[in-house]
Amino acid sequence: MRLDQFSGIVAFVKVAEAKSFTRAAAELGVAPASLSEAVKGLEERLGVRLLNRTTRSVGLTEAGAQYLDHVRPAAEDIRAAGAALREARDRPAGTLRLSLPWIAAPLLIEPLMRPFMDAYPEVRLSLIFDDSFVDIAAEGFDAGLRIGELLDKDMIGARLGGPLQMVVVGSPDYLARNGTPKRPADLAAYRCIAFALTRAISPWEFIVEGREVAFTPDACLVVNTLPLCITAAEQGLGLAFAVEGLAAPLLASGALLKVLEPFCPAYEPLHLYYPSRRLVPPKLRAFIDFVRANSHKLRI
């Protein structure tokens, strides 16, 4: 392969993504004619047409689509390398955009948001909470936060905190009126508060005699945030299955009590994850290091 074969690859990727020579040229800060010549030269060296051009639009040919799939990761690495070098000259700076599940708000973000921003005043945080799985690269996030066992294989994961202990909780008043369940099978006789991300209720998982047993409650209340499950349990509406860290203040005050403790599992720790790249932006590295250094302040 000749060295000049690499010329025009970044230009081609940018045009393919922007679907316009004019928009791509503006983003790269070059003249549209220069961009057109770079892509044309690449096509001539490859011996195939990569883009279909009309006066109104630019689209990929079949060969162009296949070529884009192969070269886009390399082009992204080239862009990331340049961005990392520019950022490395100064303190961590810029906007750090994170995709987070709702449980991260009380467990991680609320305790550390102010001290992190005080320590790194040049970093702006953009925190988007969504319990569904997000393609962080496609959606423009620097990183996401999820339970470790659910990470995609092509992601790098940075562990934050320890395992997530699950608990079944109820108010003292509710348990006094209804009694305390002794085994997971007893839950069928209790009012339960369920979590559901979609229409399907998330099952409660237990360890019984060394085996994993799932229980799907016939819920009296279904919500899509775990903190609200805990609030409903505190109000005496029934039993809730949640991360212990979320209920810690109410457990400490006695407003909630734990039941079925011997059967409750611990899940994989939360992990901050990001695409598999050798170069991590300083703003993201600063956040990872800060969370790890302050893990003693977290309820995870």
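A quick note: this is a predicted structure, and the numbers were derived from the prediction, not measured. If you read the sequence from its start, that first residue is 1, and numbering goes on from there.
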(message) Between Ser202 and Phe241, is the side-chain contact (heavy atoms from CB on, under 4.5 Å) condition met? List the steps.
(response) CA-CA 10 Å; Ser202 296; Phe241 183 72; over 6 Å; no
Can a donor-acceptor pair be found, under 3.5 Å and without considering hydrogens, that links the side chain of [X] to the backbone of [Y]?
X: Arg53; Y: Leu51; result: yes
X: Asp289; Y: Ala286; result: no
X: Arg159; Y: Gly161; result: yes
X: Ser295; Y: Val291; result: no
X: Glu43; Y: Leu50; result: yes
X: Lys14; Y: Glu27; result: no
X: Arg23; Y: Ala18; result: yes

Do the non-hydrogen side-chain atoms of [X] and [Y] ever get within less than 4.5 Å of each other?
X: Ser126; Y: Phe141; answer: no
X: Tyr274; Y: Ile288; answer: yes
X: Val208; Y: Pro184; answer: yes
X: Leu145; Y: Tyr273; answer: no
X: Val15; Y: Leu35; answer: yes
X: Tyr174; Y: Leu237; answer: no
X: Val169; Y: Leu239; answer: no
X: Pro265; Y: Ile207; answer: yes

Is [X] linked to [Y] within one hydrophobic cluster, defined over Ile, Leu, Val, Met, Phe, Trp and Tyr using a side-chain heavy-atom separation of less than 4.5 Å?
X: Leu221; Y: Val167; result: no
X: Ile201; Y: Tyr190; result: no
X: Val222; Y: Trp102; result: no
X: Val223; Y: Val243; result: no
X: Tyr267; Y: Val213; result: yes

Calculate, to the nearest 0.5 Å, the distance between atoms [atom1] and [atom2] belonging to [X] and [Y] respectively.
X: Ile230; Y: Gln235; atom1: CD1; atom2: CD; value: 12.5 Å
X: Leu226; Y: Leu228; atom1: CG; atom2: CG; value: 9.5 Å
X: Ile128; Y: Ser99; atom1: CD1; atom2: OG; value: 8.0 Å
X: Ile193; Y: Cys220; atom1: CD1; atom2: SG; value: 5.5 Å
X: His271; Y: Leu160; atom1: NE2; atom2: CG; value: 8.0 Å
X: Arg146; Y: Leu100; atom1: CZ; atom2: CG; value: 7.5 Å

If you take all heavy atoms of [X] and [Y], which pair is closest and at what distance?
X: Leu60; Y: Asn52; result: O-ND2, 4.1 Å
X: Ile109; Y: Phe129; result: CG1-CZ, 4.2 Å
X: Leu68; Y: Val13; result: CD1-CG2, 4.0 Å
X: Pro163; Y: Pro269; result: N-CG, 3.9 Å
X: Leu260; Y: Cys264; result: O-SG, 3.3 Å
X: Pro217; Y: Ala194; result: CG-CB, 4.0 Å

(message) Quick check: Phe263 with Phe215 (ring centres under 6.0 Å apart)?
(response) no
Taking [X] first and then [Y], would you say they form a salt bridge - that is, a charged N and a carboxylate O separated by under 4.0 Å?
X: Lys258; Y: Glu261; answer: yes
X: Arg211; Y: Glu205; answer: no
X: Arg97; Y: Glu139; answer: no

(request) Before giving the answer on salt bridge (charged side-chain N to carboxylate O under 4.0 Å, His left out), spell out for Glu17 and Arg72 the whole-Å C-alpha distance, their side-chain angles and the decisive distance to 0.1 Å. (result) CA-CA 10 Å; Glu17 292 175 343; Arg72 179 155 35 193; 3.6 Å; yes
(message) Are there over 12 heavy-atom neighbours, none belonging to Asp218, within less than 6.0 Å of that residue's CG?
(response) no
(request) Could you tell me whether the side chains of Thr61 and Arg49 share a donor-acceptor contact shorter than 3.5 Å? (result) no
(message) Let's go through Met117 and Leu125 carefully: what are the C-alpha distance in whole Å and the side-chain angles of both, what is the deciding distance for side-chain contact (heavy atoms from CB on, under 4.5 Å) to 0.1 Å, and is it a yes or a no?
(response) CA-CA 8 Å; Met117 297 187 75; Leu125 288 179; 3.9 Å; yes
(message) Please determine whether side-chain contact (heavy atoms from CB on, under 4.5 Å) holds for the pair Ile156 and Val280, giving the CA-CA distance in whole Å, both sets of side-chain angles, and the decisive distance to 0.1 Å.
(response) CA-CA 10 Å; Ile156 298 296; Val280 179; over 6 Å; no
(message) Please evaluate residues Val58 and Phe21 with respect to the criterion side-chain contact (heavy atoms from CB on, under 4.5 Å), reporting the C-alpha separation (whole Å), side-chain torsions for both, the decisive distance (0.1 Å), and the verdict.
(response) CA-CA 8 Å; Val58 175; Phe21 279 89; 3.7 Å; yes
(request) Could you check whether the rings of Phe287 and Phe116 sit parallel, tilted or perpendicular, using 30° and 60° as the cut-offs? (result) perpendicular
